[in-house]
Q: 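Handing you this structure, nothing more for now.
Only this structure's heavy atoms are used, side chains among them; waters, hydrogens and symmetry mates stay out.
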Amino acid sequence: MTHLVYPGALHTRFHHALGAMHLMSLAINLLKSKGHAITDGEEEAAILAILLHDIGHGPFSHALEHSLVTGIRHEDISAKLMHDLNAHFDGRLTHAIEVFNGTYPKRFLHQLISGQLDLDRMDYLNRDSFFTGVSEGVISFDRIIKMFNVYDDDLVIEEKGIYSIEKFLIARRLMYWQVYLHKTVISGEMILVKLLERAKELSAAGENLFASPSLNYFLKNDINEANFFAQHENLEHFTNLDDQDIYAAVKVWTKHDDKILSALCKMLTSRNLYKVEMGNEMANSDRVNFLQDAAVSLLEIKPEEARYFVFTDSIQNRAYNAGVGNIKILMKNNDIVDIAKASDLSNLESLQKTVEKYILCYPRGI
């Protein structure tokens, strides 16, 4: 939903997968040039693993994970799709899957795909910065890759690359607040989550909503973590879904008889989004109750239906998670030091803290 704020943000996850694959080629060639043994088979495995690392994302990615398919992480769907592809290609993706899962003996190959300084983040920060025009996200990916090395089977950064890493971590923090967690982006995602929740509720009650066959499948059936992988049909319908399925349904649902569903769909299509208040503390219950009562009067809905229009939630932002795949700096004397200790930036330690913000959403005009 970032395009609601930054109209240029219409690039796809496919662009990102190709970009990350390109960065993997650069990184592998660089590590080879520094004398690290990487076979052609290992190079192919690493490139395939990063090309497919996001294949399990559904349309509107994270918003969909909270509504149609509940409790299932896209990483698990990616892993399942890779196993299915492996069967189709007679086991040629076996090593790619091991690299993806982190079970391949050369640990640093997995760290290039998933870690605090992986090629996935390196691509999306630069790509999203370019398409949104938010210059704070620009990072020197070529400089960082040139500073890559391997020490004791771990991916490390040579000491002279410290400043590039500091900029990378700060860029990530700023991009989250200015782009991914922007109030309007959150508002658009929340409306999408709520209208899909309502559509699912109506379908469960026997209502036949306009939807493509695969979208209809998820509206009619309760697909969750426990049963998603039990039937191949679930995966087939999931991979069939894309943004167009959702958008087409939303456009038609604006005319639906259900007041809640049509109102939410109109809010999204006409960009009349929730007003979002963000703060360090949860909104007090008196204020939430007041707004819910106002929504009931304004929209002429039942009190129990106000939860679709007035609600609270929380968001987190953590630029560097020390302890989970730390960024290790290889000093000139061959000592290994964590970036938080090696850096002379006083605010780098603060980037390790998870910042939690509380949000309150309600319709404009209340």
Side-chain angles (χ1 to χ4, degrees), residues 1-5 59-60 62-71 181-211 215-216 218-224 245-316 356-366:
M1 285 297 173
T2 311
H3 66 276
L4 293 171
V5 184
F60 296 103
H62 302 287
L64 202 83
E65 286 176 29
H66 299 294
S67 42
L68 289 186
V69 185
T70 51
L181 299 177
H182 189 287
K183 286 201 292 189
T184 307
V185 175
I186 288 168
S187 182
E189 284 193 359
M190 288 295 184
I191 290 181
L192 186 62
V193 168
K194 292 295 179 183
L195 71 84
L196 287 171
E197 267 180 30
R198 183 61 175 180
K200 205 162 167 57
E201 192 179 308
L202 293 172
S203 293
E207 185 86 34
N208 278 320
L209 295 175
F210 171 87
L215 177 56
N216 193 49
F218 285 104
L219 291 175
K220 292 278 186 199
N221 299 292
D222 185 26
I223 310 296
N224 53 43
D245 292 82
I246 310 293
Y247 261 135
V250 169
K251 280 170 70 179
V252 174
W253 294 343
T254 57
K255 302 279 199 298
H256 197 272
D257 292 340
D258 181 71
K259 189 182 282 188
I260 309 295
L261 183 62
S262 66
L264 290 167
C265 291
K266 281 173 189 165
M267 285 169 72
L268 185 59
T269 55
S270 63
R271 206 183 176 283
N272 181 25
L273 307 174
Y274 295 126
K275 178 90 173 146
V276 175
E277 291 180 6
M278 197 180 289
N280 295 323
E281 293 178 4
M282 186 73 82
N284 68 60
S285 54
D286 288 345
R287 178 154 161 72
V288 175
N289 292 336
F290 170 78
L291 289 168
Q292 285 184 336
D293 291 342
V296 169
S297 303
L298 178 73
L299 304 167
E300 297 176 348
I301 55 176
K302 296 172 188 166
E304 63 269 22
E305 294 169 338
R307 64 188 169 87
Y308 284 105
F309 298 96
V310 180
F311 54 90
T312 57
D313 209 328
S314 64
I315 52 174
Q316 287 87 28
E356 185 165 37
K357 298 273 188 188
Y358 297 95
I359 58 172
L360 169 64
C361 300
Y362 56 91
R364 293 172 190 276
I366 287 184

Q: Is there side-chain contact between E189 and F60, with at least one heavy-atom pair below 4.5 Å?
A: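 With C-beta onward as the side chain, the pair stays apart.
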
Q: What pair of heavy atoms forms the shortest contact from K302 to V296, and how long is it?
A: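 Between these two residues, the closest heavy atoms are O-CG2, 4.1 Å.
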
Q: For E281, look at atom CD and say whether over 12 heavy atoms of other residues, nucleotides or ligands are found less than 6.0 Å away.
A: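 12 or below, so no.
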
Q: Are any non-hydrogen side-chain atoms of N280 and K357 less than 4.5 angstrom apart?
A: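 With C-beta onward as the side chain, the pair touches.
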
Q: Do the non-hydrogen side-chain atoms of Q292 and V288 ever get within less than 4.5 Å of each other?
A: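 SC-SC contact between Q292 and V288 confirmed.
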
Q: Does E277 form a side-chain contact (heavy atoms from CB on, under 4.5 Å) with R287? I'd like the steps, not just the answer.
A: CA-CA 12 Å; E277 291 180 6; R287 178 154 161 72; 2.4 Å; yes

Q: Say you draw a straight line from CG of N224 to CG of L68; how long is it, rounded to the nearest 0.5 Å?
A: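 Atom-to-atom, N224:CG and L68:CG are 13.0 Å apart.
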
Q: When rounded to the nearest 0.5 angstrom, what distance separates OG1 in T312 from OH in Y358?
A: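 T312 atom OG1 to Y358 atom OH measures 10.0 Å (nearest 0.5 Å).
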
Q: Nearest 0.5 angstrom please: M1 CE to L273 CG, how far?
A: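 Nearest 0.5 Å value for the CE-CG distance: 8.5 Å.
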
Q: Verify, without hydrogens or angle tests, whether N284 (side chain) and D286 (backbone) share a donor-acceptor contact under 3.5 angstrom.
A: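 A pair under 3.5 Å: yes.
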
Q: Would you say E304 has more than 12 foreign heavy atoms packed within less than 6.0 Å of its CD?
A: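 More than 12 heavy atoms, drawn from other residues, nucleotides or ligands, come within 6.0 Å of this atom.
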
Q: Is any side-chain heavy atom of I186 closer than 4.5 Å to one of M278?
A: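 Of all side-chain heavy-atom pairs linking I186 with M278, at least one is under 4.5 Å.
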
Q: So which heavy atom on L215 is nearest to which on I246, and how close?
A: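 Taking every non-hydrogen atom into account, CD1-CD1, 3.9 Å.
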
Q: Minimum heavy-atom separation for L209 to H256, with atom names?
A: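 The pair with the smallest heavy-atom distance is CD2-NE2, 3.2 Å.
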
Q: Within a strict 4.5 Å, meaning less than it, do heavy atoms of the F309 and I366 side chains meet?
A: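 Contact flag for F309/I366 side chains = no.
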
Q: Report the distance from atom OG of S187 to atom OH of Y362, rounding to the nearest 0.5 Å.
A: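 Rounded to the nearest 0.5 Å, the OG-OH separation comes out at 11.0 Å.
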
Q: Show which side-chain atoms of residues 260-272 pair as donor or acceptor with protein atoms under 3.5 Å away, not counting sequence neighbours.
A:
unit_1, atom_1, unit_2, atom_2, d
S262, OG, D258, O, 3.1
S262, OG, K259, O, 3.3
T269, OG1, C265, O, 3.0
T269, OG1, K266, O, 3.4
S270, OG, K266, O, 2.5
R271, NE, L4, O, 3.2
R271, NH2, L4, O, 2.4

Q: Any side-chain heavy atom of V310 sitting closer than 4.5 Å to one from P363?
A: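 Side chain of V310 against side chain of P363, heavy atoms only: contact under 4.5 Å found.
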
Q: Do the side chains of K220 and N208 get nearer than 4.5 Å, heavy atoms only?
A: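 The answer is yes; the side chains approach within 4.5 Å.
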
Q: As a test of understanding, state which of K194, E201, E197 forms a side chain to side chain donor-acceptor pair (under 3.5 Å) with Y308.
A: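 Looking at K194, E201, E197, the match for Y308 under the side chain to side chain donor-acceptor pair (under 3.5 Å) is E201.
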
Q: Is any side-chain heavy atom of M190 closer than 4.5 Å to a side-chain heavy atom of I359?
A: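 M190 reaches I359 side chain to side chain.
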
Q: Examine Y274 together with F311 and report whether their ring centres are nearer than 6.0 Å.
A: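 Ring-ring flag for Y274/F311: true, centres closer than 6.0 Å.
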
Q: So which atom in K200 and which in I223 form the shortest heavy-atom distance, rounded to 0.1 Å?
A: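 Where K200 meets I223 most closely, the heavy atoms are NZ-N, 4.4 Å.
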
